[in-house]
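Data first, discussion second: the structure below is written as structure tokens.
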Amino acid sequence: MFEQYDITVVGGGHAGCEAAICAATMGAKTLLITQNLNAICALSCNPAMGGVAKGQIVREIDALGGFSGLVTDSNTLQFRMLNRSKGPAMWSPRAQVDNIAYGIYWRKLLEHTHNLSLWQDEVTDLRIENGKVRGVKTLSGLEIASQAVVLTNGTFLKGIIHIGETNFEGGRTGESAANFLSDKMKIYGFETDRLKTGTPMRVDGRSINFDVLAEQKGDDNPECFSYLYKRTTPLIQRSCYLAYTSEEVHNILRKGFERSPMFAGRIKGRGPRYCPSIEDKIERFADKTRHQLFIEPESNSTNLYYVNGFSSSLPLDIQYEALRKIKGFEQAMIQKPGYAIEYDYFPPTQLRNTLETKLIENLYFAGQINGTTGYEEAASQGLIAGVNAALKIKEREPLILKRSDAYIGVLIDDLITKGVDEPYRMFTSRAEYRILIRQDNADQRLTPIGHSVGLATDARLRKVEKKVLYAESLTQYLRNNVADPLEINSLLEDINSSPLSQKSKLALLLLRPNISLTNLADNLPTLHNELLKLPDDIAREVIENVETFIKYESYIIKEQEIADKMLKHENLPIKENFDYHSLQSLSFEAREKLSKIRPSTIGQASRISGVSPADISVLMLYLGR
């Protein structure tokens, strides 16, 4: 029935879809197997993409040639650039998306991708020969051969859903758990553990009194995630709203603590520190009398709203009683309960930096089974795993992103080096080179890399090259041309900036606070005409990129110098079979940790918890450095 495939991808979430479509785009004959083809890329939790650091990841996926950005832009309900009041290294795009249309769009995209086939089934086992994966076995009795396998099972491996004292098997509400595969993986020698996450109830919008809630509109000039996507008509944006819990709400929730699976110990898995349930927030922040909630639309095809910040595993009667004490929700009607889900994952220190497993060749893990949380983190891992699986079977060099290359590089290095003991979420604070890896320059950083591996198209690369050319030209114009005091002093007075006494280079003026290229151009006709020369499809990107570079040039140069200095030893390779126990000069803890994780480079070794600078010095001395 089935011919042999190059790559089999297991799971139809964000990791699986990116893995499958990227591998197929690179020419690999790919099969995507998922338990429910009607739940492709389901937004199980909040109906949004991006956010702090996550938005940078979506931009990076797009820059490499992935598809999450394009799908998001095609189904956006609201767009906001977060952290505009901070420096550009912190700016993070976020889009509220149409939950229903988003999944349909992804499925159409997959079904129209050459080299990609879909199959609805559950994978229960792997085919393994001589330490290499050779395909998969399914619940329907099939054995499907392939040269590589990418597992992206999300929360489905032995998933247990908890609502108060009730619990039942499920990968998410309304869908079956995958109960066979993780036991097989234990037999093959993989370490497994349990994690927990949760989601709030969905509320019928007709029962919410929006008049008493604070409206949160989208940006006046909404941007896009994808560097290729251009809206042909103005985006009609939906508003989100702000609501707040109260001490009364907290007291009602506390009544259910003794029936809570989390406090009663029925949930063994660790939950996400940075996205806790409402009962966890009340317990951990007992001094807070209220917590902010974000009320977000699910789709243009439904009245449902998502109560972001109110996830809970408490009994449903408690959830419902507390919800109705929130201002604006006095008459609220729910359509889906909030719940917690506990599931198996594979500690990611068992992976190489390509996301290939160390135990079984040509087997890759991506997404929540690596201990991450979030669609964006999952999608980026799926892209890297799918690309590397395709490169491996073509006997080409793998795609490995450094920490100074991308947030994706930070994510993967953190996972394989440090491991996780709670669901991993990306933050800008995790990236030590965040001035270098901003959201506005993801295409300049990564599109040439994506093109070199066969993922990013020629057209995409040409657009980046055009953007770089115009940015360099505009930068030189600002360095070489001056403003006369008569032209600019009225603007400077309006913004309480010192007036000029003599002509000044435009680049120097741009260094002043509250000065932007656009308001300079409003007062300088020659600069205005220069900006008009920019092609419409890249004008905004070039202006933002040039302005950021000039304002932060000294910081960018300094950070690049630090990154280059670190790279001298970062890529110094360590043999995989290196006998750490033979080096008695290493601390006992270092020998244990290094033997378990088996870092591929000195740089990776230096970031392992328990490995000291003295241990690294011993290693470098032994390696002749």
Side-chain angles (χ1 to χ4, degrees), residues 43 45-48 50-52 54 77-78 80-86 92 94-96 99 163-164 197-219 237-257 260 262-263 271-298 303-340 425 427:
L43 297 164
C45 204
N46 63 316
V52 176
K54 293 168 175 280
L77 295 179
Q78 185 198 84
R80 293 179 66 212
M81 184 66 76
L82 306 182
N83 290 335
R84 277 285 193 188
S85 61
K86 301 179 180 179
S92 303
R94 184 185 189 272
Q96 204 69 33
N99 198 343
I163 306 174
T197 189
T199 189
M201 56 187 68
R202 263 64 164 187
V203 180
D204 190 327
R206 295 172 298 176
S207 66
I208 302 173
N209 181 7
F210 291 104
D211 292 338
V212 299
L213 303 182
E215 187 175 12
Q216 193 175 54
K217 295 183 177 182
D219 288 350
Q237 299 193 74
R238 296 277 300 275
S239 289
C240 296
Y241 297 84
L242 299 179
Y244 296 89
T245 62
S246 64
E247 195 61 50
E248 183 182 17
V249 172
H250 297 176
N251 288 333
I252 293 171
L253 293 169
R254 288 188 183 102
K255 290 193 309 182
F257 279 11
S260 163
M262 185 173 70
F263 295 123
R273 178 193 305 265
Y274 302 105
C275 189
S277 63
I278 187 64
E279 58 264 35
D280 199 17
K281 279 191 258 188
I282 293 171
E283 181 79 1
R284 286 165 51 188
F285 308 106
D287 59 318
K288 301 290 185 183
T289 58
R290 70 174 191 170
H291 292 284
Q292 191 176 62
L293 307 175
F294 298 89
I295 315 305
E296 303 168 341
E298 282 268 329
N303 289 317
L304 283 187
Y305 276 77
Y306 178 87
V307 187
N308 194 343
F310 205 70
S311 68
S312 178
S313 61
L314 290 172
L316 188 54
D317 60 315
I318 296 292
Q319 292 187 46
Y320 198 38
E321 183 184 353
L323 177 72
R324 284 197 155 198
K325 293 298 181 182
I326 296 171
K327 189 176 181 180
F329 287 79
E330 293 84 356
Q331 305 299 320
M333 298 296 295
I334 65 172
Q335 290 190 17
K336 292 182 182 180
Y339 63 89
R425 180 179 178 182
F427 290 101

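Annotation: the span from N99 atom CG to L304 atom CG amounts to 9.0 Å, rounded to 0.5 Å. One distance of note links CZ of F294 with CG of N308; it measures 7.0 Å at 0.5 Å rounding. Separating the CD atom in Q335 from the CD atom in E298 is a distance of 9.5 Å, to the nearest 0.5 Å.
Q319 places a side-chain N or O within donor-acceptor distance of the main-chain N or O of L314, the cut-off being under 3.5 Å. One N or O on the side chain of T245 and one on the backbone of H291 form a donor-acceptor pair closer than 3.5 Å. A donor-acceptor pair under 3.5 Å links the side-chain atoms of E330 to the main chain of G328, judged by distance alone.
Sorted by first then second residue, the salt bridge (Lys or Arg N to Asp or Glu O under 4.0 Å) pairs that include residues 203-214, not counting sequence neighbours, are D204-R206. Residue pairs meeting the ring-ring contact (aromatic ring centres under 6.0 Å, His included) criterion with at least one partner in residues 305-330, sequence neighbours excluded, are F210-Y305. The salt bridge (Lys or Arg N to Asp or Glu O under 4.0 Å) pairs that include a residue from residues 240-253 are E247-R254, E248-K325, where partners are two or more places apart or lie in different chains.
Checking each of I208, L293, I326 against L213 for a side-chain contact (heavy atoms from CB on, under 4.5 Å) leaves exactly one that passes, namely I208.
Closest of all the heavy-atom pairs between G309 and I278 is O-CD1, 3.9 Å. Smallest separation of non-hydrogen atoms from M333 and S207: N-OG, 2.8 Å. Scanning all heavy atoms of the two residues, the minimum distance from S92 to N83 falls at OG-ND2, 4.4 Å. Shortest non-hydrogen contact noted between L316 and P337 is CD1-CB, 3.7 Å. Between R80 and K217, the closest heavy-atom pair is CD-O, 3.8 Å. The two atoms that bring P47 and L43 nearest to each other are CA-CD1, 4.1 Å, heavy atoms only.
In this structure, R84 places its CZ atom where more than 12 heavy-atom neighbours from other residues, nucleotides or ligands lie under 6.0 Å away. Within a 6.0 Å radius of NZ in K336, other residues, nucleotides and ligands contribute 12 heavy atoms or fewer.
Of the N and O atoms on the side chains of R94 and Q96, at least one donor lies less than 3.5 Å from an acceptor on the other residue. Between the side chains of S239 and Q78, no donor N or O sits under 3.5 Å from an acceptor N or O.
Annotation: side chain of Y244 is not in contact with side chain of K327 (no heavy-atom distance under 4.5 Å). When side chains are defined from C-beta on, K255 does not count as touching F257, because their heavy atoms never get closer than 4.5 Å. For the pair Q237 and L77, the minimum side-chain heavy-atom distance is 4.5 Å or more. Considering only heavy atoms from C-beta on, L323 comes within 4.5 Å of I334 through its side chain.
Every residue two or more places apart in sequence or in another chain was checked for a side chain to side chain donor-acceptor pair (under 3.5 Å) with Q216, and none qualifies. Not counting sequence neighbours, the partners of D317 by the salt bridge (charged side-chain N to carboxylate O under 4.0 Å, His left out) test are R259. Applying the side-chain contact (heavy atoms from CB on, under 4.5 Å) rule to A95 yields the partners T72, T76, F79, V97, F225; only residues at least two apart in sequence or on another chain are considered.
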query = Does the pair V203 and V307 meet the rule for a side-chain contact (heavy atoms from CB on, under 4.5 Å), with working shown?
reply = CA-CA 7 Å; V203 180; V307 187; 3.7 Å; yes

query = Step by step, would you call M81 with D219 a side-chain contact (heavy atoms from CB on, under 4.5 Å)?
reply = CA-CA 7 Å; M81 184 66 76; D219 288 350; 3.7 Å; yes

request  = Carefully, step by step, assess C240 and E296 under the rule side-chain contact (heavy atoms from CB on, under 4.5 Å).
outcome  = CA-CA 5 Å; C240 296; E296 303 168 341; 4.1 Å; yes

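Ion pairing of R238 with E215 is absent here, as no side-chain N (NZ or NE/NH1/NH2) approaches a carboxylate O to less than 4.0 Å.
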